[in-house]
Colleague: 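Take this structure first; my questions come after.
Both counts, for ligands and for their atoms, begin at 1 and track the order of listing. The structure displayed is predicted, hence computed values, not measured ones.
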Amino acid sequence: MKAAPKAAALSQSELTARAARALPETDPVLYALLDAEVRYQNDTLAMVAHASLADPSVLACGAAALSNVTAEGYPGDRYHPGCAWLDEVESLAVDRAKAAFRARYANVQPHSCSSANLAVLFALLRPGDPVLGLDLDAGGHLTHGSPASVVGRYFTPVAYGVGPGGLIDYDQVRDLALRHRPKVLIAGASAYPRTLDYAAFRAIADEAGAYLLADISHIAGLVAGGVHPSPIDHAHITTTSTYKQLGGPRGGLILMGRDSESRQDLVKLMQRAVFPRSQGTLNPAGVAAKARALDLVARPEFAALARRIAADAAALADALAGNGHRVVTGGTDTHMVLLDLSGHGLTGAAAEQALESCGILANRNRVPGDRLPARVTSGLRLGTNILAQRGLTPEDMHRCADLVCRVLKATKALPGTGFEVDPGVRAQVSAEVADLCAAFPISAYAG
Ligand SMILES: *Cc1c(COP(=O)(O)O)cnc(C)c1O
C-alpha cells in the first residue's frame with residue numbers, strides 16, 4: 001500500500017502571507033475596512049500623544065499561529081501542555097524588556113497598562129487603603145484613583161495636583177503622603193508635559209512608608225531612549241503600555257529595577273498579581289509582538305527617534321505659543337504639548353472635531369483647573385510620536401503648528417460638543433495636510 005503523501009505545514013511567513021493575500025476575497029467587507037484604515041493613517045496628520053506606529057514586523061507577529069496556544073502560568077511552570085515554543089518566546093520577551101529598560105525583572109503578560117496597574121494595586125493594597133496619585137484633572141490616569149475607576153471605588157484615593165504654573169508641587173505630594181500615609185504613591189501621568197523627578201517621589205515614598213509605582217505609559221519610549229530620566233531603579237515597580245510610544249502591540253509591562261534584588265517577596269507578588277490574581281491566559285501572539293517591538297526599542301535608531309520626538313515637541317510648543325496659544329507649563333520636556341483653549345472661547349471637543357475634519361488628529365483633554373466636563377474640556381493635547389516617525393523634524397513644526405492654528409482660528413464652539421469650521425479654511429488646510437502627508441509618508445508602510 002502506498003502511504004498517503006504528507007502535507008507539510010506552511011512556514012509561519014508563508015501562512016501569514018497566504019492568509020493576508022486571500023483576505024480581500026475571503027472577506028471583502030472586513031478587508032475593505034482594514035485597508036481603508038491603512039490609507040487613512042498614511043493620509044492623516046496624527047499629532048496625537050497616545051499612539052505610535054508599529055513596525056510591520058510587529059504587526060506580523062500578532063498574526064502568528066502561536067496565538068492558538070492556551071497557557072496559564074509562566075515559562076517552565078504552566079498549567080497546560082504544549083508550551084515549549086511559547087516558553088521560549090515569553091522568555092525572550094522578558095529578556096528584551098529587561099534589556100530595553102535596564103530592568104532586572106519584567107512581566108510581559110499584562111493585557112494593557114490598566115490591567116498592569118490594577119494587578120499591582122490589588123496586590124499591594126487592601127480594600128479601603130489610601131492610594132496617592134496625580135489628580136485626573138491635573139493629568140493623572142483613571143487607574144490612579146479616579147472615582148470613575150474601580151481603583152477610586154475600592155481603595156481610598158487621595159490626589160495631588162499641580163501648582164499655578166502647571167507643575168507638580170513636591171512639597172504638596174510630601175504633605176499629603178505624610179498626612180494620609182498611602183501604601184502606594186503613584187508617579188505618572190497621561191497629560192503632564194514635564195519631566196518627573198523620580199528620586200524626589202522615592203524619597204517621599206520612603207519617608208511615608210509607601211511603595212512607589214511609576215507609570216510610564218506615555219513616556220516609555222523617551223525613558224528607553226534616554227531622553228527622560230528612568231524610574232526603573234527609583235520606583236519599587238514600573239508599569240507601561242506597549243503601544244503608546246514603544247511601537248508595540250496593545251499590551252502592558254510590569255518592570256522592576258534595583259529593589260527586585262533585595263525584595264524577592266515583591267517579585268513573587270508581582271508574578272502572582274498578574275496570574276492568577278487578575279488575569280487568566282496570556283496572549284501568546286501579543287507577547288511575541290512585544291518581543292519584536294522591544295528588540296527595536298533597544299536599538300540606537302530608537303534612541304535617535306526618541307530625541308527627535310522630544311525636539312519636535314519643543315519646537316511645536318514654541319510655534320504654537322508664537323501663534324498666541326496658551327501652552328500649559330509654557331512648554332514641554334516630553335512628546336506632549338497641552339494647550340489651554342479657554343482664552344480663545346474654544347472647547348477641546350470643538351477643536352478636536354474641527355481638526356479631524358481637516359485631516360489632523362489631536363485630542364480634547366482637560367487642563368488644570370478646567371471647568372468643563374470631560375467630554376467637552378478646555379484643552380487640546382498634541383504629541384509628536386508619529387510626526388517624528390514620519391521623519392518630520394523641528395524645522396517642520398512651524399508648518400504643523402500653522403495648520404493647527406488656522407483651523408482653530410476658523411472654528412466656532414457650539415453648545416455642548418458642537419462645532420463649526422469655515423469651509424474655505426477647511427478645504428485649504430485639508431489640501432495642505434494631504435501634501436504634507438505625501439511628502440512624509442509612513443516609510444515602513446510605503447510600497
Ligand atoms: C494610557 C494610560 C494607561 C492605560 O493604558 P492602557 O494600556 O490603554 O490600559 C495607564 N496609565 C497611563 C499614565 C496612561 O496614560
Colleague: List by chain and number: which residues place a heavy atom under 4.0 Å from ligand 1?
Modeller: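 Ser112, Cys113, Ser114, Asn117, His141, Ala189, Ser190, Asp215, Ser217, His218, Ser241, Tyr243, Lys244.
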Colleague: Are the side chain of Asp233 and the backbone of Arg258 linked by a donor-acceptor contact shorter than 3.5 Å?
Modeller: yes
Colleague: Please verify the inter-ring angle class for His234 with Tyr198; under 30° counts as parallel, over 60° as perpendicular, anything in between as tilted.
Modeller: parallel
Colleague: Can a side-chain donor-acceptor contact be found between Arg104 and Ser260 if the only test is distance below 3.5 angstrom?
Modeller: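 No, because no side-chain N or O of Ser260 sits under 3.5 Å from a partner of the opposite role on Arg104.
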Colleague: What do you reckon, is CZ of Arg202 surrounded by more than 12 foreign heavy atoms closer than 6.0 Å?
Modeller: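 Enclosed.
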Colleague: Examine the side chains of Asp215 and His144 and answer whether a donor and an acceptor come within less than 3.5 Å of each other.
Modeller: yes
Colleague: Going by side-chain contact (heavy atoms from CB on, under 4.5 Å), Leu255 matches just one of Thr239, Val108, Asn107, Ile232. Which one?
Modeller: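 Going through Thr239, Val108, Asn107, Ile232 one by one, the side-chain contact (heavy atoms from CB on, under 4.5 Å) with Leu255 is satisfied by Ile232 alone.
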